[in-house]
Protein chains: 2
Amino acid sequence: MSKQGLEVVGQDATCCQGLAGAPLDEERASELAKVFKALGDPVRLRLLSMIASREGGEVCVCEMTPAFDLSQPTVSHHLKLLRQAGLIDCERRGTWVYYWALPGALDRLAAFLTTPQTAGVTA
Amino acid sequence: MSKQGLEVVGQDATCCQGLAGAPLDEERASELAKVFKALGDPVRLRLLSMIASREGGEVCVCEMTPAFDLSQPTVSHHLKLLRQAGLIDCERRGTWVYYWALPGALDRLAAFLTTPQTAGVTA
DNA sequence: ATGTTGCATCAACAAACGTCAATACAAGCC
DNA sequence: GGCTTGTATTGACGTTTGTTGATGCAACAT
C-alpha cells in the first residue's frame, strides 16, 4: 500500500540546481511539474496541510473525508494523487487507513524554489 | 502591460502559517493552488527557470519562443499564465517584450512549503 | 501609406481533470 | 458463514487545460 510514488525530488535532489540556478532541462521539468500539479488543487493543498500540520504526524482518512464537502471517492482520489506525487504515504491499520507527510519532499521542493542569495552568503 | 496578477503570496505572506503550520482554510488554499497550478506544467517551469536564471534578469520573448517545440501562441499563453500567477512580469520595449521574474513570489512560496524545524533552531 | 516583424488574442478541438454514483475490496463483528 | 463499516476502484459526466491556425495589434522601416 505504500508502493508507487515519484522520486522526483529525490534524496540527492538538494545537490541539484534550483529553478533560478540554470534553465531546466525537459526531463527534470516534467518530473517537477507532476509534483507542482499535485499541489495545484485547493482540496489537495488542504489535505496535505491537514496531514503535515498534524501533531502525531498521522491522520485517518475517516477524519479527512467529513472535513470536505465532497464525496468519499473524490477525497480518496486526491489522496492517491498526493501519494503518487511522493508527498505523502499511507498504511492500513485494521479497518482504517492512516496518511502521513513525507517532509523531505516538501523541503526539497522549497529548496528548489528558493532563489539563490543575490549577494554574499555564498558560504 | 504589467497589470493583473495575483497577490496570493502577498508581501506579508511570510508572516502567515506555512503548509505544515496549521490546516489551510478554503480561501487561502484556492489562492495558493492557482500559483502551484501555474508551476504544474513542464513548459511553464522551463520558461520560468529560463527567466529566473538569466543573469541580466530579463529575457526577450523572441528568445524564448524558438527554445520550445511549440507554436508562438502557445508560448505566449504560458507566459500569460505565469504572469497571472504573479510569478513574472513584462514590459514592451520597442518591438520586443521582455519578461523578468518576481523573485519575492518564489521565495514566499518556498517559505510556505518549508517544514518548520522539528526541534530547536526556533530562534 | 505600405509593408514587415514581434507578440497577443480568438476560435476550435482533443486530452486531461475533478466529480459523483455504483461497485469492489478489506477488516472486524455477529 | 453472513452483515456492517471504512476505503479504494471503476465508469461516466461536464469542465478545464494545452495546443494550434488564423487574425489582430504595436512598432519600426522604407
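To find a chain, count down the sequence lines: A is the first, B the second, and so on, and within it residues start at 1.
- Atom P of nucleotide D/dT19 and atom NZ of B/Lys80 are separated by 16 Å, given to the nearest angstrom.
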Begin from the C-alpha positions of A/Asp89 and A/Trp100 and carry the test side chain to side chain contact (heavy atoms under 4.5 Å, CB included) through to its verdict. CA-CA 6 Å; A/Asp89 203 355; A/Trp100 60 85; 3.7 Å; yes

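- Using a 4.5 Å cut-off on side-chain heavy atoms (C-beta onward), B/Leu106 and B/Leu48 make contact.
- Across residues 40-51 of chain B, B/Asp41, B/Arg44 each have a non-hydrogen atom less than 4.0 Å from an atom of DNA chain D (numbered order).
- Looking at A/Arg93, its side chain never comes within 3.5 Å of a backbone N or O of A/Thr95 through a donor-acceptor pair.
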Evaluate B/Leu87 against B/Arg44 for side chain to side chain contact (heavy atoms under 4.5 Å, CB included), listing each step before the verdict. CA-CA 11 Å; B/Leu87 294 167; B/Arg44 287 193 291 271; over 6 Å; no

From CA spacing to verdict: side chain to side chain contact (heavy atoms under 4.5 Å, CB included), A/Phe112, A/Leu24: CA-CA 11 Å; A/Phe112 170 76; A/Leu24 278 175; 3.9 Å; yes

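- Rounded to a whole Å, the CG atom of A/Leu81 is 7 Å from the P atom of C/dG18.
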Nucleotide-resolved protein contact map, nucleotides 22-30 of chain C, B/S/- at heavy-atom distance under 4.0 Å: B----SS--

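- A pairwise comparison of heavy atoms in A/Trp96 and A/Cys62 identifies CD1-SG, 3.7 Å as the closest pair.
- OP1 or OP2 of C/dA8 has at least one side-chain nitrogen or oxygen of B/Tyr99 nearer than 4.0 Å.
- Taking atom CG of residue B/Leu82 and atom P of nucleotide D/dT17, one finds them 14 Å apart after rounding to whole Å.
- Between the C1' atom of D/dT16 and the CZ atom of B/Phe36 lies a distance of 20 Å, rounded to the nearest Å.
- Test B/Leu81, B/Leu102, B/Leu82 against B/Ile88 for side-chain contact (heavy atoms from CB on, under 4.5 Å) and you get one pass: B/Leu82.
- The nearest whole Å value for the distance from the CG atom in B/Leu70 to the P atom in D/dT19 is 5 Å.
- One interatomic measurement links the two molecules: NE2 of B/His77 to P of C/dA11, which rounds to 14 Å at whole-angstrom precision.
- Picking from C/dC7, C/dT19, C/dA8 the nucleotide with the shortest atom distance to the side chain of B/Trp96 gives C/dC7.
- One can place CG of A/Leu79 at 10 Å from P of D/dT7, the figure rounded to the nearest angstrom.
- Contacts between residues 55-68 of chain A and DNA chain D, defined by a heavy-atom separation below 4.0 Å, involve A/Cys60, A/Val61, A/Cys62, listed by number.
- Under 4.0 angstrom from either OP1 or OP2 of C/dC20 there lies at least one side-chain N or O belonging to A/Thr74.
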Verify side chain to side chain contact (heavy atoms under 4.5 Å, CB included) between A/Leu109 and A/Leu39, making sure each step is shown before the conclusion. CA-CA 11 Å; A/Leu109 259 196; A/Leu39 296 175; 3.7 Å; yes

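- Looking at the side chain of A/His78, the nearest of the listed nucleotides D/dA8, D/dT20, C/dT19 is C/dT19.
- Across B/Ala101 and B/Ile51, no two heavy atoms sit closer than the pair N-CG2, 3.4 Å.
- Without hydrogens or angle criteria, A/Ser53 side chain to B/Gly21 main chain gives no donor-acceptor distance under 3.5 Å.
- Rounded to a whole Å, the OH atom of B/Tyr98 is 14 Å from the P atom of D/dA27.
- For the atom pair OG of B/Ser30 and NZ of B/Lys34, the computed distance is 6.5 Å after rounding to the nearest 0.5 Å.
- Linking ILVMFWY residues whenever their side-chain heavy atoms come closer than 4.5 Å, directly or via other members, places A/Val97 and A/Leu70 in the same cluster.
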